[in-house]
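Written out below as structure tokens is the structure these notes cover.
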Amino acid sequence: MRVSRGLGAVLLAFAVWLGPAAAMAATPGLFADVGRGEWTLDDPVWKAIDVETYTPAACAAKSCPLVIVIHGAGRNAANSRNYWIEAADHYGVLIAAPRFDKTRFPGRLFQQGAVRGQPDRSKWTFGVVERLFDAARAAGRASGTSYRLFGHSAGGQFVHRMALLMPEARFSRAVVANAGYYTRPLDAAAAGGFAYPYSLGGTPATDTTLRAALGKHVTVMLGERDTNPEHRQLNRSVGAEEQGATRFARGQHFMADIRAVAARLGVTPQWREITVPGVAHQQDRMARAAAPELLGP
């Protein structure tokens with residue numbers, strides 16, 4: 001287990017000087033210190049998952065709500081955590097940002113969730129989020145029976161696919177920000193022949209699970225200026241281009257699909273769309289806009 005920064009590091013160094021047994025005893029746990037920290041989740045499926053954390057002073061001596069932040073394609077979990085520090089201090093919440101390193105988690109295993117060709121749902125990458133929540137609760141740090149979830153860009157891809165395919169997940173609210181392309185809530189035939197990850201074709205999704213997914217509180221946030229069709233990280237595969245030329249257009253197309261499917265199923269979707277004025281593909285500004293959506297009344 002890696003050590004949280006700050007006082008925990010000093011205690012660990014002193015314990016190492018005393019001996020291995022003392023060092024093990026003094027290793028701080030998840031959210032042990034106030035401020036920025038690092039921790040490693042010993043995941044039963046994916047083994048060591050590094051997690052960047054932040055504990056506000058208000059949560060030093062008590063459990064607090066947990067926000068889990070999913071980074072983008074740059075895999076910079078520390079930055080993703082840092083963008084939520086101001087909100088954590090304001091709202092009194094814990095922040096955890098797991099890192100899905102590129103070596104072990106290429107796109108198929110990261111933003112696509114390891115779903116394609118994997119009938120064993122326990123091996124989907126989305127489960128890491130749920131097990132991180134379990135670890136925070138077991139440590140006595142996360143309060144309540146649910147968490148909040150945010151993902152930007154590739155992280156937004158991860159979050160909306162998790163919401164569609166794992167509606168039993170315990171997040172109470174989620175924000176999908178500036179995703180590069182989407183899994184349309186349709187079968188492959190209705191999606192022009194495109195199967196997963198461009199649609200739910202080839203996945204275990206059913207009308208029953210879709211109804212449950214549409215009942216989750218999910219906000220799709222689109223930067224008003226995320227409209228560059230030549231952005232260096234924009235997915236330009238045929239299936240993605242079918243959804244629109246830009247992230248903004250693809251998000252609008254996806255939400256039109258959500259509304260159409262909800263009408264077909266006869267349900268009122270809890271998914272909604274928000275345009276963030278003046279913002280392009282900027283995770284820091286999208287995080288600030290998302291904070292009241294995730295954490296406000």
Side-chain angles (χ1 to χ4, degrees), residues 30-31 41 51-56 58-59 62-71 80-81 83-98 113 121 124-152 155-179 182-183 185 205 208-222 254-255 258 262 265 267-274 276 286-297:
L30 181 57
F31 301 113
L41 173 68
V51 182
E52 299 289 339
T53 65
Y54 181 75
T55 305
C59 299
K62 66 174 184 178
S63 61
C64 285
L66 175 65
V67 177
I68 298 178
V69 179
I70 308 299
H71 58 65
S80 296
R81 178 269 320 275
Y83 297 145
W84 281 85
I85 287 176
E86 182 179 347
D89 288 334
H90 178 76
Y91 290 100
V93 297
L94 302 167
I95 306 297
R121 292 164 55 90
W124 291 357
T125 322
F126 307 135
V128 171
V129 173
E130 287 283 288
R131 293 188 288 271
L132 175 55
F133 178 51
D134 285 334
R137 293 183 70 196
R141 303 301 286 123
S143 62
T145 58
S146 64
Y147 56 92
R148 311 294 170 92
L149 184 61
F150 172 84
H152 180 264
Q157 292 184 44
F158 180 104
V159 170
H160 91 275
R161 292 185 177 115
M162 179 176 173
L164 284 174
L165 288 161
M166 191 182 284
E168 71 274 17
R170 291 165 290 172
F171 66 85
S172 58
R173 300 186 194 177
V175 168
V176 176
N178 287 343
Y182 296 81
T183 293
T208 298
T209 61
L210 259 180
R211 285 189 181 91
L214 293 174
K216 303 287 287 188
H217 289 271
V218 178
T219 302
V220 174
M221 299 188 78
L222 308 175
F254 173 72
M255 286 304 296
I258 288 288
L265 295 175
V267 299
T268 300
Q270 297 302 310
W271 293 52
R272 67 188 193 122
E273 175 185 341
I274 293 179
V276 184
M286 293 299 282
R288 286 197 295 273
E293 183 70 18
L294 272 187
L295 304 171

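- The side chain to side chain donor-acceptor pair (under 3.5 Å) check on R211 picks up nothing, with sequence neighbours excluded.
- Across L41 and A135, no two heavy atoms sit closer than the pair CD1-CB, 4.1 Å.
- The CG atom of N178 sits 6.5 Å away from atom CG of L222, with the distance rounded to the nearest 0.5 Å.
- Remark: R148 engages S172 in a side chain to side chain donor-acceptor pair (under 3.5 Å) (not counting sequence neighbours).
- For R288, the salt bridge (charged side-chain N to carboxylate O under 4.0 Å, His left out) test picks out no residue, with sequence neighbours left out.
- With rounding to the nearest 0.5 Å, the separation of OH in Y182 from CZ in R161 is 10.0 Å.
- A213 and A163 get closest at one heavy-atom pair: CB-O, 3.4 Å.
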* To do: Tell me, with the steps shown, if L294 and L149 meet side chain to side chain contact (heavy atoms under 4.5 Å, CB included).
  => CA-CA 8 Å; L294 272 187; L149 184 61; 6.0 Å; no
* Verdict with supporting geometry, F171 and V218, side chain to side chain contact (heavy atoms under 4.5 Å, CB included) -> CA-CA 10 Å; F171 66 85; V218 178; 4.1 Å; yes
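- Residue P65 comes nearest to S143 through the heavy atom pair N-OG, 3.1 Å, listed as atom of the first residue, atom of the second, then distance.
- With sequence neighbours excluded, no residue satisfies salt bridge (charged side-chain N to carboxylate O under 4.0 Å, His left out) with E86.
- Residues meeting the side chain to side chain contact (heavy atoms under 4.5 Å, CB included) test with R131, sequence neighbours left out: D43, P44, V45, W46, V128.
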* Dump the intermediate steps for side chain to side chain contact (heavy atoms under 4.5 Å, CB included) on L66 and F31, then the final yes or no. => CA-CA 11 Å; L66 175 65; F31 301 113; 3.7 Å; yes
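- The list of salt bridge (charged side-chain N to carboxylate O under 4.0 Å, His left out) pairs with a residue in residues 134-146, not counting sequence neighbours, reads D134-R170.
- Contacts of A289 classified as side chain to side chain contact (heavy atoms under 4.5 Å, CB included), with partners at least two apart in sequence or in another chain: M221, V276.
- With sequence neighbours excluded, the residues that form a side chain to side chain contact (heavy atoms under 4.5 Å, CB included) with A287 are Y83, W84, F150.
- Under the side chain to side chain contact (heavy atoms under 4.5 Å, CB included) criterion, A205 pairs with L165, L200, T203, T209, not counting sequence neighbours.
- Taking CE of M166 as the reference point, atom CD of E130 lies at 6.5 Å (rounded to 0.5 Å).
- Aromatic ring pairs are classed by plane angle as parallel below 30°, tilted from 30° to 60° and perpendicular above 60°; the pair H160 and F254 is perpendicular.
- Rounded to the nearest 0.5 Å, atoms CD (Q270) and NE2 (H217) are 4.5 Å apart.
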Would you give me the side-chain donor-acceptor pairs under 3.5 Å for residues 87-97, sequence neighbours excluded?
unit_1, atom_1, unit_2, atom_2, d
D89, OD1, Y54, OH, 2.8
D89, OD2, Y54, OH, 3.2

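- Here the CD-OG1 distance, from E273 to T219, works out to 10.5 Å after rounding to the nearest 0.5 Å.
- Atom CG of residue L265 and atom CG of residue L214 lie 6.5 Å apart, to the nearest 0.5 angstrom.
- What you find for L164 and P167 is that their closest heavy atoms are O-CD, 4.0 Å.
- With sequence neighbours excluded, the residues forming a salt bridge (charged side-chain N to carboxylate O under 4.0 Å, His left out) with R272 are E293, listed by chain and number.
- At distances below 3.5 Å, at least one donor-acceptor pair connects side-chain atoms of K216 with backbone N or O atoms of A169.
- Not a single side chain to side chain donor-acceptor pair (under 3.5 Å) links T125 to another residue, sequence neighbours left out.
- Nearest heavy-atom pair across A136 and L30 is CA-CD2, 3.6 Å.
- The side-chain heavy atoms of I258 and P185, taken from C-beta on, include a pair separated by under 4.5 Å.
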